[in-house]
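Encoded as structure tokens, the structure appears first; notes follow it.
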Amino acid sequence: MAQEFKHITVLLNEAIESLVQNPDGFYVDGTFGRGGHTALILEQLSDKGQVMGIDKDPQAIAHAHTRFENEPRFSIAHGSFAEMERFVTEAGFMGKVDGVLLDLGVSSPQLDDPERGFSFLQDGPLDMRMNPGVGESAAEWIARADEKEIADVIYLYGEERFSRRMARAIVETREETPITTTAQLAKIISEANPAWEKGKHPATRAFQAIRIFINKELEDLERCLDQALDVLAIGGRLVVISFHSLEDRIVKRFIRKHVKGDEHLPPGIPVTQDMLQQRLKNAGKAVKAGKREVSDNPRARSAVMRSAIKVA
């Protein structure tokens, strides 16, 4: 029997309080994980309300079927939240969704299971795919990518200033022996990092960068945000929890763009509110985890929640 790894849902109450405004509504949990957000959404809904979960991870899908097998208000779709429009259309709720929730990044069960290959703290196969049955593993990519591509990924997605040193070390090592485990990669990157930060593993940024790249996380996020605007009903809410500065930047800019509206109107003409074609308005300020939550769950320390309401 496979070991079950626990996931602690971050900003749970804050997210659901912002998201659920209509107890009879249809809601999309775009990152089901282990169903923490979904369970609380369902508690807020009437018998008419519904929740659709979406997740790439086959283990999350299996957990959803077990946890909510007797819940008629719940359905689960296997795939990326970048396919949200298709899933919602197939369910018959295009333009009628009351809320979309995204809890970005890797889940605790993925991170804690060495077999998934996400963690530099435990040795396991170097995979990192949220859906192990789709696409290229981290080991396969590292085996074929040239030094520049590896350096660019570590720099762009990990904001790691020693990316070129790390890439060079990876390429030099793979010429001698294949890099197939997380422990191998963590050792190579750590030794190539000349400035270890107190309290942070020297491979943190590089591992995060490779994971984001392998799973196309930022590209999928951009696609999903655009689709969320179309699937939401007027008055529907978008709630996004980010754990990485690059993710949060994308969300912040997206919301700001659609709150401001059209910036390309001809100069010198009077502009009315409807001419701006604003599609969103902010639903309060950005929210971060409190001291108690961070103390109970250190992974919450980087969490930022942003919420917006569709107005057109």
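Within the 4.5 Å cutoff, the side chain of Asn215 has no heavy atoms near those of the Asp220 side chain. Under the 4.5 Å side-chain criterion, counting only non-hydrogen atoms from C-beta, Thr182 is not in contact with Phe120. In this structure, the side chains of Phe68 and Ile76 stay at 4.5 Å or more apart for every pair of heavy atoms. Counting heavy atoms from C-beta on, the side chains of Thr9 and Leu40 never come closer than 4.5 Å. Here the side chains of Asn131 and Pro58 are in contact, with some heavy-atom distance below 4.5 Å. Using a 4.5 Å heavy-atom threshold, the side chains of Val240 and Met305 count as separate. Looking at heavy atoms from C-beta onward, Glu83 lies out of side-chain contact with Glu90 at the 4.5 angstrom threshold. Side-chain contact between Leu238 and Leu225 is present, with at least one heavy-atom pair separated by less than 4.5 Å.
The stretch residues 141-179 participates, sequence neighbours left out, in these ring-ring contact (aromatic ring centres under 6.0 Å, His included) pairs: Trp141-Phe213. Identified under the side-chain hydrogen bond (donor to acceptor under 3.5 Å, both in side chains) test for residues 228-242, with sequence neighbours left out: none. Judged as a side-chain hydrogen bond (donor to acceptor under 3.5 Å, both in side chains), not a single pair has a partner in residues 161-174 (not counting sequence neighbours). Sorted by first and then second residue, the pairs that involve residues 191-213 and meet side-chain hydrogen bond (donor to acceptor under 3.5 Å, both in side chains), not counting sequence neighbours, are Lys187-Glu191, Glu197-Arg205, Gln208-His244, Arg211-Glu217.
Evaluation of the side chain to side chain contact (heavy atoms under 4.5 Å, CB included) rule for Asp57 yields Asp55, Gln59, Ala60, Gln110, Arg116 as partners, not counting sequence neighbours. Applying the side chain to side chain contact (heavy atoms under 4.5 Å, CB included) criterion to Asp127, with sequence neighbours excluded, gives Arg129, Pro132, Ser137.
The environment of CD in Glu136 is crowded: more than 12 heavy-atom neighbours from other residues, nucleotides or ligands sit within 6.0 Å. More than 12 heavy atoms of other residues, nucleotides or ligands lie within 6.0 Å of CG in Asp146, so this atom counts as buried by the packing criterion.
Remark: of the listed residues Arg279, Arg306, Lys281, Arg306 is the sole one forming a side chain to side chain contact (heavy atoms under 4.5 Å, CB included) with Ile255. Results of the ring-ring contact (aromatic ring centres under 6.0 Å, His included) test with Phe32 over Phe74, Phe87, Phe81 single out Phe74 as the only residue that passes.
No donor-acceptor distance shorter than 3.5 angstrom exists from the side chain of Gln122 to the backbone of Pro114, with no hydrogens or angles considered. Formation of a donor-acceptor pair under 3.5 Å by the Gln50 side chain with backbone atoms of Ser75 is not found in this model. No donor-acceptor pair closer than 3.5 Å links the side chain of Glu159 to the backbone N or O of Leu156. Of the possible donor and acceptor atoms, one in the side chain of Asp123 sits under 3.5 Å from a partner among the backbone N and O of Ala183. A side-chain donor-acceptor contact under 3.5 Å links Lys310 to the backbone of Leu232. Checking side-chain atoms of Ser295 against main-chain N and O of Lys291 turns up no donor-acceptor pair under 3.5 Å.
Using a 4.0 Å cut-off between a side-chain N of Lys or Arg and a carboxylate O of Asp or Glu, Arg253 and Glu222 do not qualify as a salt bridge.
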